[in-house]
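Structure, as structure tokens:
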Amino acid sequence: MKNILVTGGMGFIGSHTVIALIEAGFNVIILDNLCNSEITTLKQIEKISGHYPEFYFANLMHKASIEAVFMQQEIHGVIHFAALKAVGESVDKPLSYYQNNLVGTLNLCQVMQEFNVFNLVFSSSATVYGDKNPIPYKEDMPLSATSPYGQSKVMIEQMLQDLHLSEPRWNISLLRYFNPIGAHSSGLLGENPKGIPNNLMPYIAQVATGQRQALGIFGNDYNTPDGTGIRDYIHVMDLANGHLKALAQLASQNSANQTNRNKTSVEAYNLGAGHGYSVLEVVKAFENATGVHIPFKKLARRAGDIAAFYADTHKANKVLDWQVERGLTQMCSDTWRWQLNLSKRANS
Ligand SMILES: NC(=O)c1ccc[n+]([C@@H]2O[C@H](COP(=O)([O-])OP(=O)(O)OC[C@H]3O[C@@H](n4cnc5c(N)ncnc54)[C@H](O)[C@@H]3O)[C@@H](O)[C@H]2O)c1
């Protein structure tokens with residue numbers, strides 16, 4: 001499996017995974033409509049990796065545009081990141097989320113099937129565990145969702161299961177990400193949310209540069225040691241490496257499949273650190289790593305948030321031979337290096 005199509009490869013997780021893929025010797029083809037990313041990311045990828053990846057400006061809503069890519073390229077496998085991802089926005093715009101995430105994936109899978117490409121790594125999310133499961137979350141727990149965004153991931157996972165049942169050549173990894181943060185250690189690539197950040201780390205980073213006055217912490221009366229919510233943070237480059245491991249696993253199943261048709265599968269894997277940090281711990285870690293004070297104010301709980309969750313990572317550790325290598329301090333210092341570069345670029 002050499003030629004990998006990366007949908008959403010210009011986005012936060014996609015672009016870091018593209019770096020990891022190029023460094024591992026893959027030939028990367030990116031498809032993205034830039035609805036939540038910038039064309040300048042291609043240059044940054046080239047600066048880091050020495051390679052300017054092939055890029056198709058295309059929307060997964062248009063099946064013919066996907067077909068055009070498959071006609072021009074010999075693709076062996078697909079990593080499918082492209083999606084809308086803001087939980088809150090999905091509550092206000094459910095139709096946009098269902099349309100983009102579901103129809104985009106449907107179109108992609110139809111084209112893959114037409115071109116006999118059956119290797120797929122799908123970006124799922126810890127949000128598919130809903131709010132009723134005990135922690136840590138394990139892959140075989142029942143799935144549910146508390147938002148249209150989460151529901152779109154649950155539905156796509158189900159659709160991919162059905163696809164494999166209908167055609168056993170489908171070979172699929174469902175990667176359930178926990179909370180990806182951090183940036184590439186070069187400071188050249190990172191997360192650059194449009195508008196007000198939805199996630200904790202980009203918000204902290206913008207407070208640190210003075211773009212925002214103070215961090216709002218939603219809920220300080222949860223049943224956690226310091227009262228603030230606990231999440232499982234994972235460095236985006238560790239997450240990127242998880243995709244390489246998932247591709248290797250799919251490839252090994254393909255070769256086993258030549259003698260045994262039942263080896264291909266749809267398997268879910270949790271990609272997280274396997275333990276959590278509270279919001280206040282993340283703030284402290286950021287201050288310690290950067291020397292910058294982060295003012296915050298405590299606010300009421302946000303509807304739909306739960307006190308704590310983190311991953312059980314045994315399956316990914318064992319089956320994919322994957323573990324995280326980077327800790328919270330590095331997540332903070334890499335974010336800060338990137339944020340400083342971003343501010344410099346904006347001011348120049
Ligand atoms: N960032 C997180 O916290 C997180 C957590 C769990 C799961 N995920 C999932 O991981 C994936 C990547 O997330 P991210 O944080 O890199 O998001 P992102 O928004 O930075 O990247 C997504 C990319 O997909 C592109 N895109 C969206 N719709 C498209 C379409 N119809 N056609 C072509 N391109 C399209 C966007 O332009 C963007 O470049 C998403 O599927 C997301 O749901 C993210």
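Note that ligands are numbered from 1 as they come in the structure, with each ligand's atoms numbered from 1 the same way.
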Exceeds 12 heavy-atom contacts within 6.0 angstrom, atom [atom1] of [X]:
X	atom1	result
K315	NZ	yes
Q211	CD	yes
L165	CG	yes

Report the relative orientation of the aromatic rings in F12 and H16; use parallel for angles under 30°, tilted for 30 to 60°, perpendicular for over 60°. perpendicular

Name the orientation class of the two ring planes belonging to Y137 and F178 (parallel below 30°, tilted from 30 to 60°, perpendicular beyond 60°).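 The rings of Y137 and F178 sit tilted, inter-plane angle from 30° to 60°.
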
Contact between [X] and ligand 1, counting heavy atoms under 4.0 Å?
X	result
A58	yes
S124	yes
H80	no
P180	yes

Hey, is ligand 1 close enough to N100 that some N/O pair sits below 3.5 Å?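 Yes - when backbone and side-chain N and O of N100 are compared with those of ligand 1, one distance drops under 3.5 Å.
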
Under 3.5 Å between some N or O of ligand 1 and some N or O of Y149?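 Between Y149 and ligand 1, an N or O pair is found under 3.5 Å apart.
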
Quick one: look at A126 and ligand 1, take heavy-atom pairs under 4.0 Å, and tell me if it's side chain, backbone, both or neither.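 The answer is neither.
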
Please state which part of N179 comes within less than 4.0 Å of ligand 1, counting heavy atoms only: side chain, backbone, both or neither.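 Within the 4.0 Å criterion, N179 makes no contact with ligand 1.
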
Is there a path of hydrophobic side-chain contacts, each under 4.5 Å between heavy atoms, that joins I30 and F81?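 Linked within one cluster.
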
What's the shortest distance from [atom] to any protein heavy atom, and which residue and atom give it?
atom	value
atom 25 (C) of ligand 1	D32 OD1, 3.3 Å
atom 20 (O) of ligand 1	F12 N, 2.9 Å
atom 26 (N) of ligand 1	N33 OD1, 3.5 Å
atom 40 (C) of ligand 1	F81 O, 3.1 Å
atom 22 (C) of ligand 1	A83 O, 3.9 Å

Out of V103, N36, I181, whose heavy atom is nearest to atom 18 (P) of ligand 1? N36

Of all heavy-atom pairs between G187 and N341, which one has the smallest distance, and what is that distance?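 In this case the closest contact between G187 and N341 is O-ND2, 2.8 Å.
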
Between H235 and Y233, is a ring-ring contact (aromatic ring centres under 6.0 Å, His included) present by the stated rule, with each step listed? CA-CA 7 Å; H235 194 292; Y233 296 96; over 10 Å; no

Ring pair (Phe, Tyr, Trp, His ring centres under 6.0 Å) with H243: which of Y177, F26, W322?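 Testing each of Y177, F26, W322 against H243, the sole residue satisfying ring pair (Phe, Tyr, Trp, His ring centres under 6.0 Å) is Y177.
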
Under-4.0 Å salt bridge between K85 and E191: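 E191 and K85: salt-bridged.
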
Counting each atom of ligand 1 from 1 as listed, which ones have a heavy atom of G11 under 4.0 Å away? 16 (O), 20 (O), 21 (O), 39 (O)

Which ligand 1 atoms, with their elements, are less than 4.0 angstrom from a heavy-atom of L34?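 Counting from 1, the qualifying ligand atoms are 37 (O).
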
